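The structure under discussion appears below in the form of structure tokens.
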Number of protein chains: 2
Amino acid sequence: MVITRATEYAIRTVVFLAQQPKDEIVLKKDICRTQDVTPAFLTKILQPLIKAGIVSSQRGVGGGFLLAKDPSEITLLDIFQAEEGQLKLNYCLLDSEACHRDNYCSVHEVWHEAQDKMIRVLTKYNITELVRREKENLKNSN
Amino acid sequence: MVITRATEYAIRTVVFLAQQPKDEIVLKKDICRTQDVTPAFLTKILQPLIKAGIVSSQRGVGGGFLLAKDPSEITLLDIFQAEEGQLKLNYCLLDSEACHRDNYCSVHEVWHEAQDKMIRVLTKYNITELVRREKENLKNSN
DNA sequence: ATTCCGTTGCTCGTGTGATAACCACGTTGT
DNA sequence: ACAACGTGGTTATCACACGAGCAACGGAAT
């Protein structure tokens, strides 16, 4: 019941990219240096983000990574799902075939409610908003 | 990001015990038969429940298991935590030392909010209430 | 002695976190 | 053109931890 390191790093990466000037291409090693991830692992983490259309990449000299869309259109749920697939708290919540107690099980309903609440939080703030709040936090701590 | 089978079975077990006449002692094999768990695995699952004071046990002839307190005082969170320990969505949420970005990281706040919402749902309904709703669901489906 | 539960240790499979080798593509200098 | 170089892309592999489950033996109550 804990998010993976991959998801954590993916979020850091997207937030970092969103802090750069618009359309600025960032080197992999610069992401690594600032976000405490190793290049080999980051390589693996970035691919799902690219396939999900959150990040795009450019090869060759002057290549690197940048956001594929406006950060205001990216939520934490998008990043989570790119890395870990569909969010589910219990197996019975994904495919309804998985549990024959589905019809009457009152616990099922509670998991559903908890999951909904969680998804709602993860979609409530977009990356632009998170970057703004981070900037504010830093200002207040000085 | 999914609860373990142990937690799932533990919940089924507690709900099942709550459905029995008060203070009725239930055999392990009866729990197994009705809840689709193997005896060996259930043995493992019951121990944390006993240590958490949710279930109590009786050895010897006529022994078995029963709830250690009123089902209205047991929540899903209690059972979850007995099996999986403290609920946390990200490592940085448990011990504040784990992440030096703690102070300013705006994502941290979002995880916190999501976790709070989830905990609130898991403590909202007690076992008595869940049993009542299950009974109602069964009635309506007939 | 019998019938229960308790404890311990084990297996087996899968997922996480991480590394490395090699491949494919773009840019740039010639 | 084209070759060299600098990027990211793909794939295979690894150690390790954890989840899920099994079994054997020990201990208490009757």
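Order of the sequence lines fixes the chain letters, A, B, ..., with proteins taken first and strands second; residue numbering starts at 1 for each chain. Source: prediction; values computed, not measured.
Atom pair Met1(B):CE and dG15(C):C1' shows a separation of 14 Å (rounding to whole Å applied). Rounded to an integer number of Å, the gap from Lys51(A) NZ to dG9(D) P is 8 Å. Separating the CG atom of Leu42(A) from the C1' atom of dA18(C) is a distance of 12 Å, rounded to the nearest angstrom. In this entry the distance linking CD1 of Ile45(A) with C1' of dT16(C) reads 11 Å, nearest Å. Atom CG in Leu27(A) sits about 17 Å away from atom P in dG26(C), given to the nearest Å. The distance from atom CD of Glu83(A) to atom C1' of dG15(C) is 14 Å, rounded to the nearest whole Å. In this structure, Lys28(A) places its NZ atom 12 Å from C1' of dG6(D), rounding to the nearest Å. Atom CD1 in Ile25(A) sits roughly 13 Å away from atom C1' in dG6(D) (whole-Å rounding).
In this model, a donor atom of one side chain and an acceptor atom of the other lie less than 3.5 Å apart for Asn90(A) and Arg5(B).
Residues Val14(A) and Asp78(A) fail the side-chain proximity criterion, which asks for heavy atoms closer than 4.5 Å.
Under the rule for a ring-ring contact (aromatic ring centres under 6.0 Å, His included), Phe16(A) has no partner lying at least two apart in sequence or in another chain. Judged as a salt bridge (Lys or Arg N to Asp or Glu O under 4.0 Å), and not counting sequence neighbours, the contacts of Arg33(B) are Asp30(B).
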Stepwise, does the side chain to side chain contact (heavy atoms under 4.5 Å, CB included) test hold for Leu49(A) with Glu83(A)?
CA-CA 7 Å; Leu49(A) 293 179; Glu83(A) 297 291 334; 3.6 Å; yes

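Of the charged side-chain nitrogens involved, none lies within less than 4.0 Å of a carboxylate oxygen, so that Glu136(B) and Arg133(B) do not count as a salt-bridged pair.
At the heavy-atom level, Lys29(A) lies nowhere under 4.0 Å from the strands shown. In this structure, Leu46(A) reaches neither bases nor backbone, as no heavy-atom distance under 4.0 Å exists between it and the strands shown. Nucleic acid contact for Gly64(A): sugar-phosphate only, since backbone atoms but no base atoms lie under 4.0 Å from a heavy atom of the residue.
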Between protein and nucleotides 17-30 of chain D, map the contacts as a letter string: B base, S sugar-phosphate only, - none, heavy atoms under 4.0 Å, written 5' to 3'.
---SBBB---BSBS

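The minimum heavy-atom distance linking Met118(B) with Leu89(B) is given by the pair SD-CD2, 4.3 Å.
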